[in-house]
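We're numbering straight along the sequence, starting at 1.
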Amino acid sequence: MKKIIGFIKANKVDFLCVSAIFLIALILRIIAIYNYGAFTQDEPYSWRFASYNSIFEVIKQVFTVDVHMPLYFVYLHIWINIFGDSQESLHFSSLFLFLPIIPFVFYLMKKCFNKISAYFAIILLALSTYCVYFSIFVRFYSATMLFGILFTYYFLRFCEKFEKKYAIGLIISHFLLFYTYNLSIILTFCSGIIGLIYVLKYKKEYLKKFINIFTIIVLVSLPGIAITFYNVYATSKTICSHGQEFFNFNIRAILDLLENFLSNENYQINNKAIGLYRDFFILIKNQMYFLCVAIPIFIGIFSLIKSLFSKNPKLYLLLVPSILTFIIIFTLSSQNILYYQTKYMIFIFPMIICALAYGFTCFKEIIIGVAIFIFYFLFNFTYTLVSNTDVFEYRNNDLRSIIPALEYGEIKKTDLFISPFLPEVVKYFHKGKVTTIPFAFDEGLLIKDKKSLEFYFGEELLKKITRENVLEIMYPYIMNDIPMPTFEKNLYEQYFSKMEKGQKFILFNGWESTTGDSRYTLEKAFNLTEDNYYKSKKFILLSAKAMRDCYLIANKHLKFVEFLRNRQDNAAMYIFIKE
């Protein structure tokens, strides 16, 4: 304690300034949490895996169904057991992981570069709207930013001093990063290559020690690498994939990354238009975009280039592995080996910001760099204030506006509930208010879990279905609007036939009119011709088919009594009753 107090006294000004920036970052994120709206995208799936009874069960379920690493879900499981699983609590679990980044980045930049760049870096991290959004997102993005910058720090220090404490820190931080997010192995690989070049050029006497440490890192990574390759294989064998159909490579994705990393534009986040990329040469004609987005992007690129021309070996160790990581991921995405989203790059975001901040200090006259940074900051901050960045305001459509139907007195826990697509979203909100039929036709199940697929197709038909022939096999059922026979048999025998008089069956569709094509809504799903049938996205078509079958089967065996719809969220609820 005395050492801490002594350190604070010796660095009083820095402590007060960093604390002020830290407080601003905290306040902005708390505002964002309490104006967040409902869970969106994959957030309920984080809750799903973390809410199992034990850590062992969490890890088992992640490996069984998901394609990600388990460490974050274990952390979230522990958090839920201590702080509960309300929406706000889960958002704070991500914020808790982000907050150490502010003081740590300041320490890293001051220790390895200079104090001015340290202040620039934490100001940008505190006020970046992209960073604000993903630092409270209930997923592993905050963790990857924290562990990514930790790994980079220990990598820099190890290459500089080759001391045991930095070697241990490097191994542990790699373990935390990789077993939180498997794509981060690319950053470790690139760091190893750049580090090896650095050692061969500047410190050949430490070559053996460097190779030994990275050999240990490889050995630590082997189980995760094996799991990752298995996931890639499993994904390649799926009947269809939401990710592969909606997030195919597009060279314009570079613009989205530049907007998010170097400016405060967040088009995809604001419009929930993930996978939709725009044309920079059209956008730049807009005056506001030119001043507050394009200019910051140009300044940011210039500063990064300036840092690269600094001839500072530490800068190369900091920045070049991240650039190579981006190039490799982008190349793999262009070959359809990975599917691309900008948020998948967030684990290199702190390093890019650090290099960007350092670039502003690489002018002969530091006052020039400070002035350019002030302009850069003001352009971005102005855009946050005057544009529809929507990060600090109500942002996500709120499914809770339709869920209260489950709280009506006439709906009981014994009533049956099914949500074929995105079941975890609804399951989070109703939390046991009704009995959920364990069937879902979503991304996770299409990748690994066979229980729902067997429940729907039947064991024999499922053996015949492949990604190549699934549309041909499903053609007569879809074009003639006939429910899958095994699905109807299972739903009736296992559930409908056992319902008592007055018991309800509730069908929820969170994709009522936002399936990507209005022809595939529940109401209009099969207004298809043979020509457009084979051009359809398989995931949309099959998901809509599963939803349509639920409706047809329920309508055949039960009495339809009520339809609820939230047009803002494109969500709907169909309620049937057993007579």
Side-chain angles (χ1 to χ4, degrees), residues 25 28-29 32 40-43 45-46 67-69 71-73 75-76 91 93-102 104-105 121-122 124-153 173-174 176-188 190-191 243 247 253-270 274-275 300 304 318-319 321-330 332-333 338-357 389 391:
L28 291 177
R29 285 155 178 81
T40 185
Q41 298 178 37
D42 296 331
E43 289 179 301
Y45 287 87
S46 298
V67 295
H68 295 296
M69 292 297 188
L71 194 58
Y72 166 75
F73 303 106
Y75 158 76
L76 193 60
H91 287 305
S93 73
S94 294
L95 177 56
F96 179 78
L97 289 172
F98 170 79
L99 289 177
I101 294 175
I102 298 291
F104 188 79
V105 164
I122 62 173
L124 295 177
L125 286 171
L127 298 175
S128 163
T129 53
Y130 173 74
C131 191
V132 168
Y133 181 80
F134 284 109
S135 61
I136 64 171
F137 197 85
V138 186
R139 209 65 175 151
F140 36 73
Y141 302 119
S142 278
T144 63
M145 285 193 283
L146 175 60
F147 299 147
I149 199 67
L150 275 173
F151 172 81
T152 299
Y153 169 75
S173 58
H174 162 76
L176 293 172
L177 178 60
F178 178 51
Y179 284 97
T180 297
Y181 187 50
N182 44 20
L183 275 185
S184 65
I185 193 67
I186 300 174
L187 177 64
T188 302
C190 294
S191 297
F247 307 126
I254 294 176
L255 174 60
D256 186 64
L257 184 132
L258 292 174
E259 286 178 340
N260 282 275
F261 276 35
L262 304 181
S263 81
N264 276 2
E265 170 66 298
N266 303 276
Y267 175 78
Q268 291 190 2
I269 294 172
N270 299 336
I274 296 171
L304 287 171
L318 170 79
L319 179 60
S322 293
I323 292 176
L324 290 178
T325 297
F326 164 72
I327 291 171
I328 290 173
I329 291 177
F330 220 66
L332 292 175
S333 299
L338 300 175
Y339 54 87
Y340 177 88
Q341 290 187 53
T342 300
K343 64 183 180 182
Y344 297 162
M345 297 288 192
I346 200 166
F347 66 101
I348 64 172
F349 176 70
M351 286 74 86
I352 300 296
I353 293 299
C354 287
L356 174 69
T389 54
V391 172

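Judged purely by atom type and a 3.5 angstrom limit, Glu259 has no side-chain atom pairing as donor or acceptor with the backbone of Glu265.
Between the CG atom in Leu262 and the CG atom in Leu356 there is a gap of 6.5 Å [rounded to 0.5 Å]. Atom CZ of Phe261 sits about 9.0 Å away from atom OG of Ser128, to the nearest 0.5 Å. Distance check, rounded to the nearest 0.5 Å: CZ of Phe178 to CD1 of Ile185 gives 4.5 Å. Rounded to the nearest 0.5 angstrom, Leu125 CG and Cys131 SG are separated by 5.5 Å. The structure places CG of Leu183 at 13.5 Å from CD1 of Ile346, a figure rounded to the nearest 0.5 Å. Note that the CG atom of Leu324 and the CG atom of Leu187 stand 10.0 Å from one another [nearest 0.5 Å].
Contact check for Met345 versus Leu257: side-chain heavy atoms found under the 4.5 Å cut-off. Counting heavy atoms from C-beta on, the side chains of Leu97 and Tyr75 come closer than 4.5 Å. Contact check for Phe137 versus His91: no side-chain heavy atoms found under the 4.5 Å cut-off. Counting heavy atoms from C-beta on, the side chains of Leu318 and Cys354 come closer than 4.5 Å. The shortest side-chain heavy-atom distance between Phe147 and Leu150 falls under the 4.5 Å cut-off. Side-chain contact between Ser46 and Phe140 is absent, with no heavy atoms from C-beta onward closer than 4.5 Å. Proximity of Thr180 to His68: side-chain heavy atoms (C-beta onward) are nowhere separated by under 4.5 Å. Within the 4.5 Å cutoff, the side chain of Met145 has no heavy atoms near those of the Ile149 side chain.
Heavy atoms only, all atoms of each residue included: Tyr340 and Ser333 are closest at CB-OG, 3.5 Å. Closest approach of Ala121 to Val105, counting heavy atoms only: CB-CG1, 3.8 Å. Here the shortest heavy-atom pairing between Lys343 and Tyr130 reads CA-OH, 3.7 Å. Between Thr129 and Asn264, the shortest heavy-atom distance links the atoms OG1-O, 3.2 Å. Closest of all the heavy-atom pairs between Cys190 and Ile328 is SG-CD1, 3.5 Å. Contact detail for Ser135 and Arg29: the closest heavy-atom pair is OG-NE, 2.8 Å.
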Stepwise side-chain contact (heavy atoms from CB on, under 4.5 Å) test for Tyr45 and Arg139 = CA-CA 9 Å; Tyr45 287 87; Arg139 209 65 175 151; 4.2 Å; yes
ask   = Yes or no on side-chain contact (heavy atoms from CB on, under 4.5 Å) for Phe326 and Ile254, after CA distance, side-chain angles and deciding distance?
value = CA-CA 10 Å; Phe326 164 72; Ile254 294 176; 4.3 Å; yes
key: Candidate pair Phe151 and Thr188, rule side-chain contact (heavy atoms from CB on, under 4.5 Å), full reasoning   = CA-CA 9 Å; Phe151 172 81; Thr188 302; 3.9 Å; yes
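Among residues two or more places apart in sequence or in another chain, the side-chain hydrogen bond (donor to acceptor under 3.5 Å, both in side chains) test is passed with Tyr344 by Gln341. Applying the side-chain hydrogen bond (donor to acceptor under 3.5 Å, both in side chains) test to Asp256 and every residue at least two apart in sequence or in another chain returns Asn260, Thr342. Remark: Ser142 pairs with no residue by the side-chain hydrogen bond (donor to acceptor under 3.5 Å, both in side chains) rule, at least two apart or across chains.
Ring geometry for Tyr181 against Phe347 counts as perpendicular: the plane angle is over 60°, on a 0 to 90° scale with 30° as the lower cut.
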